[in-house]
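See structure below.
In the text below, chain A, chain B and the rest are named by the order of the sequence lines, each starting its count at 1.
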Protein chains: 2
Amino acid sequence: MINAVGRDIPEEILKATGKEVFQGVHHFDGHVYKKHGPEVECVINSNGSKMVDSIHDVLIKCGIKDGMTVSFHHHFREGDYVVNMVMKEIHDMGIKDITICASSLGKAHDPLVEYIEDGTITNIQSSGVRGKIGEAISNGKLKGLAIMRSHGGRVRALVTGETQIDIAFIGTPTCDEYGNCRGIGGKSDCGVLSYAMSDAFHANKVVAITDCMVPFPNFPAHISMTKVDYVVEVDQIGDPKKIATGAAKPTTDMRKLMMADYCTQFVVNTPYFKDGFSYQTGVGGASIASTISLAKVMKERNIRMRFGVGGLTKPMCDLLINGQVDALLDTQDFDLAAVESVKDLHHFRISAGEYANPFNKGAVVNKLDFVILAALEVDVHFNCNVVVDSNGMITGAQGGHPDTAAGAKCAIVIAPLLQGRTPAICTDVTTVTTPGESVDVVITDYGIAINPKRQDLIEAMKDVDLPFKTIEELRDIAYSIAGEPQKVQFGDRVVGVIESRDGTIMDVVRQIKPFEFDD
Amino acid sequence: MINAVGRDIPEEILKATGKEVFQGVHHFDGHVYKKHGPEVECVINSNGSKMVDSIHDVLIKCGIKDGMTVSFHHHFREGDYVVNMVMKEIHDMGIKDITICASSLGKAHDPLVEYIEDGTITNIQSSGVRGKIGEAISNGKLKGLAIMRSHGGRVRALVTGETQIDIAFIGTPTCDEYGNCRGIGGKSDCGVLSYAMSDAFHANKVVAITDCMVPFPNFPAHISMTKVDYVVEVDQIGDPKKIATGAAKPTTDMRKLMMADYCTQFVVNTPYFKDGFSYQTGVGGASIASTISLAKVMKERNIRMRFGVGGLTKPMCDLLINGQVDALLDTQDFDLAAVESVKDLHHFRISAGEYANPFNKGAVVNKLDFVILAALEVDVHFNCNVVVDSNGMITGAQGGHPDTAAGAKCAIVIAPLLQGRTPAICTDVTTVTTPGESVDVVITDYGIAINPKRQDLIEAMKDVDLPFKTIEELRDIAYSIAGEPQKVQFGDRVVGVIESRDGTIMDVVRQIKPFEFDD
């Protein structure tokens with residue numbers, strides 16, 4: 001069945017997943033559903049401790065068995081030890097057919113490929129799968145399906161009960177023996193536990209894993225003891241050097257600086273750029289550079305930001321230090337400056353649900369004026385692809401891309417016209433991850449295209465001195481330089497589903513096959 | 001059927017409520033249930049505002065109709081305007097058969113009696129019902145039943161879905177137009193919104209009512225926009241003078257001071273009184289005096305409290321100011337000192353669920369060393385009554401009494417031997433609200449009785465110079481002074497149920513009838 005972005009979703013996938021095809025970003029606005037409640041085991045005694053000696057023992061206590069769904073968060077990013085530690089134990093116990101529901105998986109989790117190959121893991125739900133897991137999935141090694149969800153979409157899957165987590169594993173920088181978790185204070189600080197908060201609310205069993213025990217009560221708890229069944233102390237939950245990187249050096253890439261400058265000029269000429277505006281940006285070089293240049297204009301014009309959202313890095317935290325923003329709303333800390341900044345009284349932790357869940361009564365993304373995003377590909381319908389590379393390999397993650405694009409009044413995607421030798425602006429993206437309906441502006445190093453549905457923005461820019469072009473013109477320039485790329489050739493088997501934030505199917509990803517040249 | 005405290009619960013009440021009889025405090029420890037999820041209406045748009053013009057309009061939007069359950073919190077205490085404001089509108093719209101699920105109801109809500117009499121309100125669920133509502137219920141004016149729950153028991157009823165709230169009304173001192181609520185910052189500060197947090201999680205529709213609008217985002221939100229459907233601004237949500245009283249003057253009543261001194265001497269001679277102990281006390285004169293005298297001993301012996309819990313008043317907050325406690329965990333602020341103290345970084349807001357819900361994975365009460373409580377009556381089985389006076393009239397509230405008594409390692413009840421001319425220590429309490437199983441020590445002005453099941457405490461006190469007696473001896477002294485009271489004579493009709501915190505029936509309350517003297 002053809003969906004609202006023109007993708008043909010195979011009937012067998014609709015049948016296998018019980019899902020509908022994507023019907024537009026606001027299709028479920030006002031939809032009423034009954035929230036899923038997990039199973040809870042009551043603790044009505046004063047014995048106090050929830051400590052369990054080992055991952056092995058806690059798996060036994062949680063009744064681990066074939067076919068279960070286990071969940072993880074990715075706040076430790078490339079420094080994470082928890083996923084591998086738990087999955088090794090599950091593997092060594094001979095358990096099969098596990099579904100992993102992770103907020104994201106990266107290169108740190110390459111060892112999981114072995115467990116995919118031997119049937120320990122047969123389904124994966126994640127924002128994305130970088131590294132060797134992505135390759136394994138694209139090569140058809142996962143017996144079941146990979147479902148790629150946005151951060152908000154993942155919470156939606158949990159609150160609706162579409163995904164029911166049997167055991168959630170929460171790596172936590174500090175914990176007390178009754179399960180109060182905090183993202184800060186230990187030797188493996190990650191600042192916030194936003195993605196894991198939803199797991200704690202919706203999993204049947206919740207296990208906190210820490211390498212830093214602290215006295216009760218570990219308050220203010222980011223995840224409450226009232227949600228945690230067991231606590232396991234281990235030597236090390238992560239590699240601090242890879243959890244939070246030092247502050248990224250500002251880019252010196254002239255192309256990125258030019259796009260950042262275009263972006264700032266665009267932003268400041270919209271009607272939304274006024275005292276009290278709100279703003280989110282990603283962690284790409286151009287995005288970070290645009291925050292830095294925007295801060296200068298804000299200072300010159302005496303315009304103050306009401307709140308900034310992220311996925312935070314130093315330039316956003318500098319706005320707080322410099323008194324240019326009232327509040328930061330934080331779901332993830334990318335560098336040490338952000339981990340440090342979260343101690344500021346105006347830097348607030350929010351859960352992934354508060355951030356982006358389309359199925360609550362209003363998430364933070366709905367209140368964004370601007371979001372600055374990146375993309376691997378953008379097509380002439382303004383559809384974006386942030387998950388599958390131009391060779392068809394799963395290599396990225398949805399993250400908050402579709403959530404923020406849907407919510408923000410002005411969603412700006414920055415992409416160089418060419419990614420290496422491949423056009424990033426194209427006729428049809430390899431895989432649709434964010435629908436063009438949500439994307440207002442595309443900024444490239446060769447010009448800026450405004451989505452024709454945003455006539456208001458086109459009108460606002462009519463006297464602005466920026467290199468505006470149509471999206472087709474940008475595509476044509478890209479093709480004139482690099483040639484029109486051949487379509488990626490996929491096999492028949494669907495290995496992954498790109499889920500829309502509302503749970504419908506945006507696109508599917510098929511198994512890759514060696515490229516066959518035309519005769 | 002006879003329950004674990006010897007009360008005969010009528011079959012028709014078990015049938016009507018679908019409940020079991022009370023079978024002991026730990027009967028449900030380890031019980032597994034599926035948590036109830038409310039209906040949620042998704043907001044997937046960026047229109048932003050949830051403002052509605054009036055209580056009338058918001059009732060229409062929420063689909064108010066006969067037979068619905070509406071909920072309220074009691075953080076504004078005797079200064080609350082919200083309950084009457086909403087119920088007047090519901091009454092004026094001609095709606096009938098409403099169940100009120102309030103965290104508590106007091107004298108501020110006397111006007112509701114009219115709505116009880118005319119059938120607008122036919123069922124009441126509350127911690128207790130002071131004032132004219134209590135009289136109306138005891139006089140049989142409520143068509144249905146009054147269910148009296150502890151603070152923890154109320155949350156249990158919500159999380160299990162036993163009580164399903166159609167519309168929760170949350171009076172909030174400050175709110176933004178997207179529904180982020182804070183207990184502080186406006187003209188009607190109440191400090192915390194702990195009881196309302198459970199309603200926000202479990203009601204189908206949630207309405208924030210405020211008299212102080214602030215810019216988005218009103219962070220850190222005590223109740224999140226993700227839970228709030230509508231926001232209504234009104235002139236005044238409460239009378240600040242009655243919300244938080246000025247600091248209570250320390251009692252000068254010699255009898256209370258003596259009991260406070262006994263209490264402190266008892267506490268400091270238990271094995272739990274050591275560095276890092278935890279403590280909760282009520283707001284009675286003797287309880288407050290015992291906190292003050294305990295603070296002196298702590299200072300002398302250089303013993304520090306790890307955390308204090310409450311229902312907080314100035315003497316508890318003074319411990320924080322004086323560096324004698326690491327953390328305060330707060331569900332309610334009784335005076336201005338507590339409202340002010342909640343701004344301290346070591347004074348933490350907790351929800352009623354975190355505080356006391358027996359059906360989560362471990363509440364704060366489970367970690368209490370000491371709780372100091374009061375009671376209207378205590379019997380020789382150590383059962384306490386805090387709801388029904390010795391004339392059989394509903395006049396009090398369970399509050400956190402059964403929750404903290406169940407959780408604390410040492411639950412101490414302070415009661416003068418005589419309440420006026422009526423023995424407070426008696427053979428059988430009029431109504432059981434807290435089971436004797438949970439009560440370790442009773443302190444009166446005539447002596448101290450330790451529950452025989454606590455041989456460890458009896459042993460610890462064997463060389464302590466305090467007037468220890470058996471509970472029967474205390475009862476006998478009381479009866480020797482005031483005479484053995486005649487049993488209250490009730491009618492047949494059951495008007496109220498005293499629910500145990502686990503949802504079973506502890507006792508019933510019958511309609512009062514004029515006292516008939518024996519021939």
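- The side-chain heavy atoms of A:K35 and B:H202, taken from C-beta on, include no pair separated by under 4.5 Å.
- Of the two parts of A:F201, only the side chain, counted from C-beta on, holds a non-hydrogen atom closer than 4.5 Å to a non-hydrogen atom of chain B.
- Put simply, of A:P215, A:G179, A:S278, the one with the most heavy-atom pairs under 4.5 Å next to chain B is A:P215.
- The two residues B:P358 and A:C42 make their nearest non-hydrogen contact at O-CB, 3.6 Å.
- For B:V159, no part lies under 4.5 angstrom from a heavy atom of chain A.
- With a 4.5 angstrom heavy-atom cutoff, A:V40 touches chain B via backbone and side-chain atoms both.
- Note on ring orientation: taking the six-membered ring where Trp is involved, the planes of B:F219 and A:F348 are perpendicular (angle over 60°, cut-offs 30° and 60°).
- Contacts between A:N204 and chain B at a heavy-atom distance below 4.5 Å involve the backbone alone (N, CA, C, O).
- Neither the backbone nor the side chain of A:R349 has a heavy atom closer than 4.5 Å to any heavy atom of chain B.
- Neither the backbone nor the side chain of B:A221 comes within contact range of chain A; no heavy atoms are under 4.5 Å apart.
- Just one residue in the list A:K205, A:K50, A:M225 forms a side chain to side chain contact (heavy atoms under 4.5 Å, CB included) with B:K361, and that residue is A:K50.
- Heavy-atom contacts from other residues, nucleotides or ligands closer than 6.0 Å to NZ of B:K61 number 12 or fewer.
- A side-chain donor-acceptor contact under 3.5 Å links B:N366 to the backbone of A:V43.
- Taking 4.5 Å as the limit, some side-chain heavy atom of B:K367 sits within range of a side-chain heavy atom of A:E177.
- Residue A:S46 comes nearest to B:G407 through the heavy atom pair OG-O, 2.6 Å, listed as atom of the first residue, atom of the second, then distance.
- Only the side chain of B:I350 comes within contact range of chain A, with at least one heavy atom under 4.5 Å from a heavy atom of that chain.
- The two residues A:G30 and B:E41 have their closest heavy-atom pair at O-CG, 3.5 Å.
- Applying the 6.0 Å contact sphere to NZ of A:K453 captures more than 12 heavy atoms from other residues, nucleotides or ligands.
- Among all heavy-atom pairs drawn from A:V25 and B:I44, the shortest one is O-CG2, 3.8 Å.
- Annotation for B:H31: atom NE2 counts as buried by contact number, over 12 foreign heavy atoms lying within 6.0 Å.
- Between chain B and the options A:F359, A:Y178, A:F307, the largest number of non-hydrogen pairs under 4.5 Å is found for A:Y178.
- Among B:R306, B:H27, B:K227, the residue making the largest number of heavy-atom pairs under 4.5 Å with chain A is B:R306.
- Between A:E354 and B:S224, the shortest heavy-atom distance links the atoms OE2-OG, 3.6 Å.
- Atom NZ of A:K34 has more than 12 neighbouring heavy atoms from other residues, nucleotides or ligands inside a 6.0 Å radius.
- Neither the backbone nor the side chain of B:N47 comes within less than 4.5 Å of any heavy atom of chain A.
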